[in-house]
A.B. asks: 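My questions all concern the structure below.
Chain A is the first sequence line, chain B the second, and so forth, proteins listed ahead of strands; every chain is numbered from 1. All heavy atoms count here, side chains included; hydrogens, waters and symmetry mates do not.
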Amino acid sequence: MRTSQYIIATLKETPSDAEVISHQLMLRAGMIRRLASGLYTWLPTGLKVVRKVEAIVREEMDKAGAIEMLMPVVQPADLWIESGRWQEYGPELLRIKDRQNRDFALGPTHEEVITEFVRKEINSYKQLPLNLYQIQTKFRDEVRPRFGVMRSREFTMKDAYSFHLDQASLQETYDVMYQAYCNIFTRLGLDFRPVIADTGSIGGDASHEFHVLADSGEDDIAFSTESDYAANIEKAEAFAPQEKADTPTQELTLTDTPNAKTIAELVEQFNTPIEKTVKTLIVKASAECVADNGAEYVALIVRGDHELNEIKAEKLAFVAEPLEMATDEAIKEVMKASPGSLGPINCPIPVIVDRAAAVASDFSAGANQDGKHYFGINWERDLPLSQVADIRNVVEGDVSPCGKGTLTIKRGIEVGHIFQLGNKYSTAMNAGVLTESGKHQVLEMGCYGIGITRIVAAAIEQNHDKYGIKWPLALAPFTVAIVPMNMHKSHRIPDIAQKIYDELKAAGIEVLFDDRKERPGVMFNDMELMGIPHQIVIGERNLDTDQVEHKDRNSGEKTLLAIDKVVSFVVNKIKNI
RNA sequence: CGGUGUUUAGCGCAGCUUGGUAGCGCACUUCGUUUGGGUCGAAGGGGUCGAAGGUUCGAAUCCUUCAACACCGACCA
């Protein structure tokens with residue numbers, strides 16, 4: 001490809017709304033442009049990278065025995081009503097009507113469609129197990145699209161769905177997919193970790209996420225220092241403290257705390273350790289709770305230095321799912337006190353206490369009277385300890401749930417997610433086959449997703465420097481850039497450039513020939529910004545000795561090469577990686 | 001959904017306080033110059049100042065409403 005016949009839409013300046021490095025570099029390197037919030041146009045260079053990711057994913061999926069197909073983006077509401085997700089999925093599901101006023105949705109995922117397909121087409125146990133996948137556009141009306149294509153509303157995803165007669169078969173395919181995913185991310189040249197995960201709105205049982213480690217990641221991953229345990233913090237269990245609460249040493253006292261509205265202020269003004277405080281969070285109660293004791297809200301208690309884990313909390317029987325924090329007005333009405341003075345003592349609604357907070361002694365908390373806190377609180381002596389649960393996020397240094405080592409926490413970008421769905425959809429939509437004994441049996445399902453376009457961004461997060469993107473060879477939009485110095489000034493330069501260009505192309509290598517009439521610095525900067533792994537610099541300087549220069553984008557290493565050795569040199573470099 | 005902020009040329013921004021003919025840098029076009037790391041110079045093109053309404057002799061600037069976009073937050077108890 002010649003730059004003069006291509007779109008090199010590089011930018012010198014960073015657009016002001018791009019926050020993370022991958023978003024900035026994708027804009028600057030001319031890979032993407034924003035059309036509207038969370039919607040991006042892929043320019044030729046960007047699309048080439050997407051296609052590379054797709055190709056690797058496709059190869060590994062095929063190798064793992066999955067079969068490619070393609071389903072529609074637009075899906076009839078009926079299927080979603082049947083699975084129950086027309087109600088469950090919420091506003092992230094973009095709903096549209098056709099000219100007949102029939103309801104449709106833009107597919108955020110395809111469990112319903114694939115299940116509908118399989119229940120019609122697959123009738124016999126002999127056709128199982130089956131693993132079907134597609135690489136296709138998804139639409140999710142995200143609450144807050146951000147970070148460019150990292151969290152966009154429209155994106156490309158590889159989604160696979162497997163169907164089985166029994167759990168053992170599902171487990172087998174799940175393991176194969178787990179391995180295929182490891183192979184994919186390894187081939188993509190990414191530093192990644194599989195982690196134990198929550199199943200989220202898709203539903204189901206076992207689940208692993210694949211995370212690319214990067215500080216800009218939106219998820220916290222907890223790792224054991226001593227084992228290969230790794231879990232999304234949403235899911236990581238906070239181990240129950242082994243010790244019991246210490247014997248009370250303080251009297252319960254009610255103190256005026258007019259200026260202490262937050263834990264931080266309480267700790268500072270009253271010189272109390274933060275571990276000896278608790279915070280009280282008021283959330284909407286579940287229907288079960290309302291039926292049980294009439295309370296519309298419940299109070300969740302975690303230690304002052306801990307954070308509530310919403311995923312854990314919303315799974316509690318008394319807590320409404322999804323989790324909903326009470327408004328200030330509701331808190332005043334129910335608690336007769338304002339946020340900042342809430343606590344478990346004299347609390348008119350059910351109280352659920354985190355395991356760590358449940359072994360605190362002589363601690364302080366709001367008194368449910370504005371501007372007052374209790375100090376020296378002890379469970380059982382001063383108030384009953386009714387419900388205890390794991391409702392906090394793990395923190396660095398916690399004992400690992402696997403029993404070995406302690407936890408450290410890193411940021412990750414979720415690029416893949418595999419689930420064992422069990423029979424959630426197959427039951428709801430009545431997908432089954434006849435078994436060997438002629439009985440109808442509901443199918444077991446697995447599903448396996450990879451965010452194709454997100455991988456492009458994640459790869460940049462992990463591979464860049466101050467000059468731009470440093471593509472892993474497998475993802476580079478072009479393998480080689482030919483950069484001729486002052487081509488218009490002599491015949492020698494363009495002749496040699498053309499010759500090398502033709503030879504590289506003949507060798508099946510993707511070459512970008514920068515034939516623009518630009519100064520050398522402009523070309524160098526553009527090629528480096530775009531992250532092309534190999535540059536061939538052709539200049540008068542070395543031509544008298546029939547040499548050109550090779551520059552490695554990754555190492556910065558420069559090598560003088562005889563003109564007729566260029567192709568073999570590059571070919572050799574490529575195969576060695 | 002809440003909070004904060006932004007919106008002026010393709011991009012990055014100034015101008016707004018104190019109303020008076022819309023600017024700068026980059027990019028773009030042309031010419032010259034330069035040529036191994038984003039040359040230098042000259043001349044040009046490009047704007048309903050987010051939209052609508054209002055105040056005023058006069059609005060990018062003041063007022064009202066709306067919209068788009070961004071950031072923060074769903075931890076505040």
A.B. asks: Can you tell me, in whole Å, how much space there is between the P of B:G3 and that of B:G53?
C.D. replies: 28 Å
A.B. asks: Could you give the distance separating B:C69 and B:G25 at their C1' atoms, to the nearest angstrom?
C.D. replies: 24 Å
A.B. asks: Between P on B:C71 and CD on A:E218, what's the gap in Å once rounded to a whole number?
C.D. replies: 11 Å
A.B. asks: Considering every strand shown, what is the Watson-Crick or G-U wobble mate of B:G73 when both distances are under 3.5 Å?
C.D. replies: B:C1
A.B. asks: So that I can tick it off, tell me whether A:R151 and A:E142 are bridged by a salt bridge, with the cut-off set at under 4.0 angstrom between side-chain N and carboxylate O.
C.D. replies: yes
A.B. asks: A:R28 CZ to B:G38 P: how many Å, rounded?
C.D. replies: 14 Å
A.B. asks: May I ask you to say what A:V302 touches in the nucleic acid, namely base, sugar-phosphate or nothing, with a heavy-atom cut-off under 4.0 Å?
C.D. replies: nothing
A.B. asks: B:G37 C1' sits how many Å from A:R516 CZ, rounded?
C.D. replies: 14 Å
A.B. asks: May I ask you to say what A:N309 touches in the nucleic acid, namely base, sugar-phosphate or nothing, with a heavy-atom cut-off under 4.0 Å?
C.D. replies: base
A.B. asks: Would you classify A:I263 as touching base, sugar-phosphate or nothing, given that sugar-phosphate means primed atoms plus P, OP1 and OP2, and contacts are heavy atoms under 4.0 Å?
C.D. replies: sugar-phosphate
A.B. asks: If B:U56 has a Watson-Crick or G-U wobble mate with both distances under 3.5 Å, name it; if not, just say none.
C.D. replies: none
A.B. asks: Could you work out the separation of B:G23 and B:U65 based on their C1' atoms and round it to a whole Å?
C.D. replies: 30 Å
A.B. asks: I'd like to know if A:E307 pairs up with A:R392 as an ion pair, taking the criterion as any Lys NZ or Arg NE/NH1/NH2 lying under 4.0 Å from an Asp or Glu carboxylate oxygen.
C.D. replies: no
A.B. asks: Any idea how A:F478 and A:Y6 line up, ring-wise: parallel (<30°), tilted (30 to 60°), or perpendicular (>60°)?
C.D. replies: perpendicular
A.B. asks: Should A:D215 and A:R411 count as an ion pair when the cut-off is N to O under 4.0 Å?
C.D. replies: no
A.B. asks: B:G5 and B:G38: how far apart are their P atoms, nearest whole angstrom?
C.D. replies: 41 Å
A.B. asks: If every non-hydrogen atom of A:D552 is compared with every non-hydrogen atom of A:H550, which pair is closest and at what distance?
C.D. replies: N-CE1, 3.8 Å
A.B. asks: Establish, with yes or no, whether the OP1 or OP2 oxygen of B:G12 is under 4.0 angstrom from a side-chain nitrogen or oxygen of A:S16.
C.D. replies: yes
A.B. asks: Using whole Å, report how far CG of A:D370 lies from C1' of B:A77.
C.D. replies: 11 Å
A.B. asks: In plain terms, say whether A:D544 and A:R492 are close enough for a salt bridge, that is, a side-chain N and a carboxylate O under 4.0 Å apart.
C.D. replies: yes
A.B. asks: Distance-only criterion, 3.5 Å: show the donor-acceptor pairs between side-chain atoms of residues 267-279 of chain A and protein atoms not counting sequence neighbours.
C.D. replies:
{"unit_1": "A:Q269", "atom_1": "NE2", "unit_2": "A:N259", "atom_2": "O", "d": "3.0"}
{"unit_1": "A:K276", "atom_1": "NZ", "unit_2": "A:S361", "atom_2": "O", "d": "3.1"}
{"unit_1": "A:K276", "atom_1": "NZ", "unit_2": "A:S361", "atom_2": "OG", "d": "3.3"}
{"unit_1": "A:T277", "atom_1": "OG1", "unit_2": "A:I274", "atom_2": "O", "d": "2.7"}
{"unit_1": "A:K279", "atom_1": "NZ", "unit_2": "A:H306", "atom_2": "O", "d": "3.2"}

A.B. asks: What does A:V143 touch in the nucleic acid at a heavy-atom separation under 4.0 angstrom: a base, only the sugar-phosphate, or nothing?
C.D. replies: base
A.B. asks: Looking only at atom C1', what distance separates B:A14 and B:C49, rounded to whole Å?
C.D. replies: 13 Å
A.B. asks: List the residues meeting ring-ring contact (aromatic ring centres under 6.0 Å, His included) with A:F513, not counting sequence neighbours, and say none if there are none.
C.D. replies: A:Y501
A.B. asks: What's the gap between B:U64 and B:C72 when it is taken at their C1' atoms, as a whole Å value?
C.D. replies: 28 Å
A.B. asks: Check every strand shown and say whether A:K332 touches a base, only sugar-phosphate, or nothing at a heavy-atom separation below 4.0 Å.
C.D. replies: nothing
A.B. asks: Scan nucleotides 43-52 of chain B nucleotide by nucleotide, 5' to 3', and note B when protein non-hydrogen atoms come under 4.0 Å of the base, S if they reach only the sugar-phosphate, - if neither.
C.D. replies: ----------
A.B. asks: Could you please name the partner base of B:A68, counting Watson-Crick and G-U wobble pairs only when both distances are under 3.5 Å?
C.D. replies: B:U6
A.B. asks: Touch check for A:G539, heavy atoms < 4.0 angstrom, all strands: base, sugar-phosphate only, or nothing?
C.D. replies: base
A.B. asks: Taking only the P atom of each, what is the distance from B:C31 to B:G36 in whole angstrom?
C.D. replies: 23 Å
A.B. asks: Any carboxylate oxygen within less than 4.0 angstrom of a Lys/Arg side-chain nitrogen, looking at A:K466 and A:E528?
C.D. replies: no
A.B. asks: Once you round it to whole Å, what is the distance between C1' of B:C76 and OH of A:Y297?
C.D. replies: 15 Å
A.B. asks: Hey, which sits more toward the 5' end of RNA chain B by its nearest nucleotide, A:L281 or A:F147?
C.D. replies: A:F147
A.B. asks: Decide whether A:D515 and A:T3 meet the rule of one side-chain donor and one side-chain acceptor closer than 3.5 Å.
C.D. replies: yes
A.B. asks: Can you measure A:D305 atom CG to B:A77 atom P for me and round it to whole angstrom units?
C.D. replies: 12 Å
A.B. asks: Considering heavy-atom distances to RNA chain B, does A:E540 or A:V278 have its closest nucleotide positioned more toward the 5' end?
C.D. replies: A:E540
A.B. asks: Please tell me whether A:N378 and A:D362 have a donor and an acceptor in their side chains that are separated by less than 3.5 angstrom.
C.D. replies: yes
A.B. asks: What is the distance, to the nearest angstrom, from the NZ atom on A:K284 to the C1' atom on B:A77?
C.D. replies: 17 Å
A.B. asks: With respect to the side chain of A:E310, which nucleotide from B:A74, B:G36, B:G12 is positioned closest?
C.D. replies: B:A74
A.B. asks: Please give the nucleotide sitting opposite B:C28 as a Watson-Crick or G-U wobble pair, both distances under 3.5 Å, or none.
C.D. replies: B:G44
A.B. asks: Select one nucleotide: of B:G37, B:G36, B:C71, the one nearest the side-chain heavy atoms of A:R146.
C.D. replies: B:C71
A.B. asks: Starting at CZ of A:R144 and ending at C1' of B:C1, how long is that distance when rounded to a whole Å?
C.D. replies: 13 Å
A.B. asks: I'd like a list of close polar pairs between nucleotides 67-69 of chain B and the protein, N/O only, cut-off under 3.5 Å.
C.D. replies:
{"unit_1": "B:C69", "atom_1": "OP1", "unit_2": "A:S37", "atom_2": "N", "d": "3.3"}

A.B. asks: For a quick check, with a 4.0 angstrom heavy-atom cut-off, what is the B/S/- contact string for nucleotides 22-35 of chain B, read 5' to 3'?
C.D. replies: ---BSS------BB
A.B. asks: Say you pick atom P in B:C16 and the same atom in B:U7; how far apart are they, in whole Å?
C.D. replies: 13 Å
A.B. asks: Which pairs of donor and acceptor atoms, one on a side chain in residues 34-43 of chain A, lie under 3.5 Å apart (sequence neighbours left out)?
C.D. replies:
{"unit_1": "A:Y40", "atom_1": "OH", "unit_2": "A:H23", "atom_2": "NE2", "d": "3.4"}

A.B. asks: Side-chain contact test, heavy atoms from C-beta onward, threshold under 4.5 Å: evaluate it for A:K138 versus A:P108 and give yes or no.
C.D. replies: no
A.B. asks: Per the side-chain contact (heavy atoms from CB on, under 4.5 Å) rule, which among A:I469, A:V49, A:L512 passes with A:M530?
C.D. replies: A:L512
A.B. asks: Using a cut-off of 6.0 Å, state whether more than 12 heavy atoms not belonging to A:K470 lie near its atom NZ.
C.D. replies: yes
A.B. asks: Measuring from the side chain of A:E19 (C-beta onward, heavy atoms only), which nucleotide among B:G12, B:C71, B:G38 has the closest atom?
C.D. replies: B:C71
A.B. asks: Using a cut-off of 4.0 Å on non-hydrogen atoms, how would the nucleic acid contact of A:N542 be classed: base, sugar-phosphate, or nothing?
C.D. replies: base
